Amino acid sequence: MRSGVEGVLCLAIVLATVLGALLYGQRRSRHRTMSEWAIGNRRLGTWIFWFLNAGEIYTTFAVLGIAGYAWAYGAPAYLALTSVSLASAVGYWLMPRIWAEGHRHGHLTQADFFAQRYGARWLAVVVALAGIAALVVYVQIQITALALTLRLTLGSTLGPVQSALLAAVGMLAFVYLAGLRSAAFAAGVKDVGMIVLVVGLSVTVSEKVGASSMLDVYRRVQELSPGIGALPGLRPEAGLTTTWLVTSALNVALGTWIFPHTFQLIYSARDESAIRRNAVWQPLYSLSYFFIILLGFAARLAGTRPDGGNPNAVLLQLVGDVYPSWTAGLLAGTVCLLALVPGSILLLVASSIFGRNVVQPLRGGLSDRQVLWVSRGAMIVFAGIAVWLSSTRNRSLVEIGLSAYAAIGMLAPGVFLGLVWPRANAAGVLSGIVAGYLSLLLPAADAWWARALPGWDRGLLAMAVNAAVVVAVGLLTPSRAPVPAGS
Amino acid sequence: MPTGTRAAPRRHHRWLLLLPFVWQVALVPWANGVQARPFGLPFPMAWQMAGVVLSTLVIGVVLALDKRADAPRTDGA
């Protein structure tokens, strides 16, 4: 089944795009400063901004993850349709505020925002490390997906750990050779490629699985698997109830803009109106999940059996089973880009935060160049941790994604309250983060939540605990101390 | 929500941004129980897709109202 055509096409797509991206990046910029490398010197126009931002949505999480979730559980995959528009509504309100603060005070990273707003350099170090932790979990998604694709395409002579290592090396190589501008080019290529492929597959898949139209696939799958269309879906024991959907979607919506890379993306926009306009169109992107869920359901009709029942592999398996090998090769190549590009951007962001907000404050006196080199070294460590995480547990991409949102949610109260409530202060934010992590990670807390609020997203609960602590400390602190950032 | 002393244009229309939350979150428990199948789709899924369209419209309307509120006072910062 796995022919050479598939592997060759896959490699050709990846190499051609990377080469194009490098040429594009080279032509656009000769400057190798921290600010160019990390935020494109705050000069990215609407289009590049839109592409990078959309690229955040079109990741392997969206394509492999949601298709797999639809196949394995059914209705819980609607989470993808719910969370994007909620995130856009939040973003319309939040992003211009973050942009304006960053523009006014010259922030390069999210930790800069915390340092300036709360007047505490030490808080910036804590925030930087918490942000990096969430990013590493997010990189784990991309490594898991890229490793899987490599294994399925290039043959199973590669072990899981080897393919994960190979994936990480690929990402690192891309970042070392390129920067944000090159990534924008590659993001454009992968988005166009993915849209063409998803539409192409959706139009043809019904015939391949014995249905008469796309809607017929939906009709048939509901007859074949009763209960697939409504929550809690095909496996009620998994606890993916309406409560789960509601709380998870809220947590994703509140956390989306809190990721450090989203902050830097917002800073890289030219003006506020580019950001606002982007928020209007963003929800429409998520309508394409109609096609992704369709492909997951089609795999049920086709009786697709991915290796080890791994939901992440369903889409690749389906296409490998019922399509010619060139289609499978195109898909594999595009999926590689889909993992490679966001994965590299995330590693880039994690390392630039590490250099600027951890190394520089703790070891002053290093030159800009030295910091750049230390950050690049740290990137290898972060990629290594992501490889290790992806090899410890075999989880669905959606589950890993929700863990990443839970992790980044720890910084959300500090951002939201920092913008609207002058009394929020550094001590409160730190106590909130500690309390949030405890309620997220302590086994005792986990058991307690399971009894008290079954089905609730743990990330949202931890965020609520965190926010309550920030507010409590703010109220208990004499009000003369903090200086509001905005006015 | 007044957050500062700056005289900002009126932004009450920003509350419209809560509509997507009502549609796509608050009404989920109800939508999940509806048996109808518009176009053959499971109702909860069609409901979320309609919510996506609604969200784009709502954010678009808020953007238009924001522009109108900003227009007369471009004296700025």
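Since this is a predicted model, take the numbers as computed values, not measurements. Throughout, a chain's letter reflects where its sequence line sits, starting with A, and its residues are numbered from 1. Side chains included, hydrogens not; waters and symmetry mates left out as well; all remaining heavy atoms used.
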Enquirer: Could you please spell out the steps behind the side-chain contact (heavy atoms from CB on, under 4.5 Å) verdict for Tyr92(A) and Asp66(B)?
Expert: CA-CA 11 Å; Tyr92(A) 183 90; Asp66(B) 265 347; 2.6 Å; yes
Enquirer: Using non-hydrogen atoms only, which part of Leu245(A) is less than 4.5 Å away from chain B: side chain, backbone, both, or neither?
Expert: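 Contact with chain B: side chain only.
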Enquirer: Please examine the side chains of Trp23(B) and Ser85(A), heavy atoms only from C-beta on, and report whether any two atoms are closer than 4.5 Å.
Expert: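 A side-chain contact under 4.5 Å is absent here.
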Enquirer: Measuring from atom CD1 of Ile59(B) to atom CG of Leu284(A), what distance do you get when rounded to the nearest 0.5 angstrom?
Expert: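 The CD1 atom of Ile59(B) sits 9.5 Å away from the CG atom of Leu284(A).
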Enquirer: In terms of heavy-atom pairs under 4.5 Å, which option from Leu54(B), Leu16(B), Leu17(B) contacts chain A the most?
Expert: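 Of the options given, most contacts go to Leu17(B).
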Enquirer: Would you mind checking which part of Val58(B) comes under 4.5 Å of any heavy atom in chain A, side chain (CB onward), backbone (N, CA, C, O), both or neither?
Expert: neither
Enquirer: Rounded to the nearest 0.5 Å, how far does CG of Leu86(A) lie from CG of Leu18(B)?
Expert: 10.5 Å
Enquirer: Please look at Ala75(A) and chain B and tell me whether the side chain, the backbone, both or neither of the residue comes under 4.5 angstrom of a heavy atom of that chain.
Expert: neither
Enquirer: Do you know the tightest heavy-atom contact between Pro44(B) and Gly229(A)?
Expert: CG-O, 3.7 Å
Enquirer: Return the option, out of Leu215(A), Val246(A), Leu81(A), Thr82(A), with the maximum number of heavy-atom pairs under 4.5 Å with chain B.
Expert: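 Among the listed options, the one with the most contacts to chain B is Thr82(A).
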Enquirer: Counting heavy-atom pairs under 4.5 Å to chain B, which of Thr247(A), Thr241(A), Leu231(A), Ile228(A) comes out on top?
Expert: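 Sorted descending by pairs with chain B, the first entry is Leu231(A).
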Enquirer: Please give me the minimum heavy-atom distance between Arg37(B) and Arg219(A), naming the atom from each residue.
Expert: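 Closest pair (atom of Arg37(B), atom of Arg219(A), distance): NH1-O, 4.4 Å.
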Enquirer: Could you check if a side-chain atom of Trp30(B) sits within less than 4.5 angstrom of a side-chain atom of Thr242(A), using non-hydrogen atoms only?
Expert: no
Enquirer: For the interface with chain A, which of Val25(B), Val34(B), Leu19(B) has the highest count of heavy-atom pairs at distances below 4.5 Å?
Expert: Val25(B)
Enquirer: Specify the closest pair of heavy atoms between Tyr218(A) and Gly40(B), including all atoms of both residues, with the distance to one decimal.
Expert: CB-O, 4.0 Å
Enquirer: Which value, rounded to the nearest 0.5 Å, describes the distance between Leu63(B) atom CG and Asn278(A) atom CG?
Expert: 11.5 Å
Enquirer: Got Phe21(B) and Leu250(A) here, is their nearest side-chain heavy-atom distance under 4.5 Å?
Expert: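 Phe21(B) vs Leu250(A): side chains touch.
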Enquirer: As a quick check of understanding, evaluate side-chain contact (heavy atoms from CB on, under 4.5 Å) for Val53(B) and Leu287(A), giving each step before the final call.
Expert: CA-CA 8 Å; Val53(B) 176; Leu287(A) 281 183; 4.2 Å; yes
Enquirer: Which bit of Ile293(A) comes within less than 4.5 Å of chain B, counting heavy atoms only: side chain, backbone, both or neither?
Expert: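 Only the side chain of Ile293(A) comes within 4.5 Å of chain B.
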Enquirer: Going through the checks in order, is the side-chain contact (heavy atoms from CB on, under 4.5 Å) test met by Met45(B) and Phe290(A)?
Expert: CA-CA 9 Å; Met45(B) 179 170 171; Phe290(A) 170 85; 3.9 Å; yes
Enquirer: Is Gln48(B) reaching over with its side chain to a backbone N or O of Leu79(A), donor-acceptor style, under 3.5 angstrom?
Expert: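 Side chain of Gln48(B) to backbone of Leu79(A), a donor-acceptor pair under 3.5 Å: no, none is there.
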